[in-house]
Amino acid sequence: MNRLSVLFTSSEVYPFAKSGGLADVAHSLPRALSKDCNIDVVMPLYRFVDRKKYKITATNEAFEIVMNETVYPVELYGCDYEGLHYRFVYSPVLCDRDFLYGTAEEGYADNALRFALFDRAIVWMLKNYAYDIVHLNDWQSGLVPLLVLEDKTIQTKTLLTIHNLAYQGTFDHKILHEIDVDEKYFTIDGIEFYGQLSFMKAAIAYADMITTVSPNYAKEILSTEFGCGLEGFLKHHKKKLAGIVNGIDTEHFSPSDDTALTAPYSDLRGKAKNKSAYLKERGLIGVRKPLFMFVGRFTWQKGMDLLIEALPKIAEHECNIAILGEGEEKYHSALKAIADEYDNVHLEFGYDESLSHQMYAAADFLLMPSLFEPCGLNQMIAMHYGEIPVVHGVGGLADTVGEYKKFDAKTNKGCGIVFGAPSLYALLKAVDQAIKLYADKTHYNTVAKHNMGCDFSWQESAKSYLGLYEKTKQKRSYG
Ligand code: ADP
């Protein structure tokens with residue numbers, strides 16, 4: 001069989017630009033797929049991407065995109081990095097910004113225009129290179145299926161992965177004109193969403209195939225609770241919807257040769273040195289006390305309100321708590337007030353990849369009280385580093401974390417403490433369970449050791465994507 005040729009599009013790719021799990025997936029999934037298909041990855045060349053470090057250079061491809069009689073110049077750049085070919089779209093409107101999408105409080109006002117440009121540049125590539133499949137990720141690539149459909153010369157099939165349905169790229173209807181999208185698509189079966197234009201809905205409507213990042217989330221988004229208003233529309237397109245669980249890059253997240261760690265380790269005992277180094281550096285006391293950690297975006301999705309309510313009560317226990325992240329201002333100040341009051345709560349603001357690795361290596365438990373979680377990577381990274389996650393059993397957390405009380409050493413599923421409702425009572429009860437489990441060293445070690453031995457790599461999921469690419473290629477038209 002001929003190797004498929006795939007263009008993988010993402011608005012963020014680690015290590016060039018990252019705001020969350022999408023960047024990790026856009027880094028590691030194409031690497032896993034590249035063993036069995038020819039794959040290029042394309043992203044915007046934001047001005048903060050380090051061109052020198054990654055040897056990103058201009059190709060001789062430059063063109064203009066005209067929308068609403070305005071001309072936008074586009075240049076394509078490229079680099080080879082760790083065995084993959086990356087393409088970059090540079091256009092001043094899209095790229096000359098300080099952030100990817102705006103601040104945690106507010107997206108840039110012209111995001112529709114920015115990503116319409118990105119999408120039209122992707123379509124330019126599809127016209128000029130013979131890709132079998134374009135694998136689109138989230139709303140930022142949402143117009144591509146519609147544009148492909150309009151251009152009868154393009155044979156490429158479109159597959160959309162929804163990483164988080166809460167971010168839909170909805171904009172004022174007026175923008176249609178500015179981005180040159182025909183009014184005829186602005187219907188209930190098309191791109192119209194409660195009087196606005198929705199990039200995500202456009203992609204759902206016209207993509208040949210849709211996936212989400214875990215089987216459970218694929219079911220959840222068909223319900224009112226998790227469908228973000230698109231549940232009915234998704235049900236209508238259910239035939240082309242599948243759920244494939246994310247993996248992690250086990251080379252990048254590898255406790256045995258992780259250069260960010262004080263002492264890389266290949267068995268559970270090796271965590272001790274990392275824990276004492278971390279506690280010492282951060283002025284925390286008590287290597288024998290359980291260390292809980294939280295890392296992530298400070299936003300309501302991650303259960304921040306619940307965590308902030310619970311933290312003072314958790315901190316009353318004999319334990320330490322380490323928090324790293326950034327996000328909404330109201331959460332920053334609430335967390336800071338708690339960290340100021342409790343000596344055993346250590347808080348660091350910002351995005352710090354190395355520090356997050358050190359925390360995964362040091363901590364005994366990961367707290368993840370997300371209200372919803374399409375897949376979640378933190379819990380898999382944590383288990384891979386020999387931690388036990390304490391999670392709300394929702395979305396991908398339910399798919400990837402089994403209940404430690406029903407622990408079966410023969411399965412490849414990691415284990416943790418899974419609570420059923422995002423309530424203060426349930427979270428505190430789960431933390432109590434964690435503290436009791438920690439006191440039972442033999443039991444704790446058995447579960448943590450099992451977690452360290454599980455396979456969280458992309459291997460199986462990459463196979464599922466390949467199968468889906470083949471199936472999508474055979475499709476005659478969307479729908
Ligand atoms: P999201 O909803 O943000 O995409 P995921 O669990 O899918 O959440 O992925 C989060 C990824 O980002 C993980 O690799 C996590 O370790 C990392 N991460 C999140 N916040 C930070 C931070 N402040 N510093 C370092 N890494 C972070």
Side-chain angles (χ1 to χ4, degrees), residues 10-29 99-101 104 137-140 161-167 212-214 216-217 220 226 228 243-255 258 260-261 278 293-304 307 322-328 331-332 335 346-363 366-385 387 389-392 394-401 414 416 456-458 461:
S10 179
S11 54
E12 51 184 279
V13 182
Y14 179 84
F16 310 111
K18 170 170 166 175
S19 79
L22 169 61
D24 286 335
V25 172
H27 164 76
S28 51
L29 173 58
F99 304 106
L100 291 131
Y101 317 117
N137 291 282
D138 275 350
W139 73 263
Q140 290 88 347
T161 295
I162 301 171
H163 295 259
N164 193 336
L165 196 59
Y167 300 96
T212 66
V213 289
S214 69
N216 194 34
Y217 191 59
E220 286 178 345
F226 297 103
C228 305
I244 300 177
V245 73
N246 281 339
I248 57 168
D249 182 341
T250 45
E251 277 175 35
H252 178 65
F253 292 106
S254 167
D258 189 331
L261 304 189
Y278 176 84
M293 69 173 273
F294 174 92
V295 60
R297 293 180 292 121
F298 296 158
T299 168
W300 68 278
Q301 180 207 333
K302 299 291 174 185
M304 287 315 291
L307 188 67
I323 300 169
L324 167 66
E326 58 189 358
E328 292 166 41
Y331 295 129
H332 280 228
L335 287 169
H346 180 76
L347 171 67
E348 279 177 73
F349 292 125
Y351 188 91
D352 188 332
E353 190 74 27
S354 296
L355 176 57
S356 74
H357 287 224
Q358 288 156 17
M359 289 169 67
Y360 287 120
L366 173 87
L367 293 172
M368 217 163 160
S370 307
L371 302 186
F372 70 94
E373 195 58 79
C375 179
L377 299 175
N378 299 19
Q379 77 282 10
M380 289 189 270
I381 302 169
M383 291 189 280
H384 193 56
Y385 279 68
E387 278 184 64
V390 180
V391 303
H392 173 212
V394 73
L397 294 173
D399 281 328
T400 54
V401 184
F456 297 110
S457 76
W458 272 104
S461 297

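Nothing here was measured: the structure is a model prediction, and the numbers come from that model. As the structure lists them, so they are numbered: ligands from 1, and atoms in each ligand from 1.
- For H27 (side chain) and Y14 (main-chain N/O), a donor-acceptor pair under 3.5 Å exists by modelled atom type.
- Here the shortest heavy-atom distance to atom 6 (O) of ligand 1, taken over L377, L397, I248, belongs to L377.
- In terms of protein heavy-atom proximity, atom 19 (C) of ligand 1 is closest to G296 CA, 3.7 Å.
- Within ligand 1, the atoms closer than 4.0 Å to a non-hydrogen atom of S356 are 25 (C), 26 (N), numbered from 1 in the order shown.
- A donor-acceptor distance shorter than 3.5 angstrom exists from the side chain of E387 to the backbone of L366, with no hydrogens or angles considered.
- For ligand 1, the atoms lying closer than 4.0 Å to a non-hydrogen atom of Y360 are 15 (C), 16 (O).
- Protein heavy atom at the shortest distance from atom 23 (N) of ligand 1 is G350 O, 2.8 Å.
- Those atoms of ligand 1 that come under 4.0 Å of a heavy atom in G325, given as number and element, are 23 (N).
- Listed by number with element, the atoms of ligand 1 under 4.0 angstrom from any heavy atom of G20 are 3 (O), 4 (O).
- Results of the side chain to side chain contact (heavy atoms under 4.5 Å, CB included) test with F294 over V390, L335, I323 single out I323 as the only residue that passes.
- Using a distance-only test at 3.5 Å, with no hydrogens or angles considered, a donor-acceptor pair links the side chain of Q379 to the main chain of C375.
- Of the possible polar contacts, none joining the D24 side chain to the I248 backbone as a donor-acceptor pair under 3.5 Å is found.
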(request) Report the C-alpha separation of W139 and Y101 in whole Å, then their side-chain angles, then the decisive distance to 0.1 Å, and conclude whether the ring pair (Phe, Tyr, Trp, His ring centres under 6.0 Å) test is met. (result) CA-CA 12 Å; W139 73 263; Y101 317 117; 7.1 Å; no
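- Regarding atom 18 (N) of ligand 1, its nearest protein heavy-atom neighbour is Y351 CE1, 3.8 Å.
- Checked against a 3.5 angstrom limit, the closest N/O atoms of D24 and ligand 1 fall inside it.
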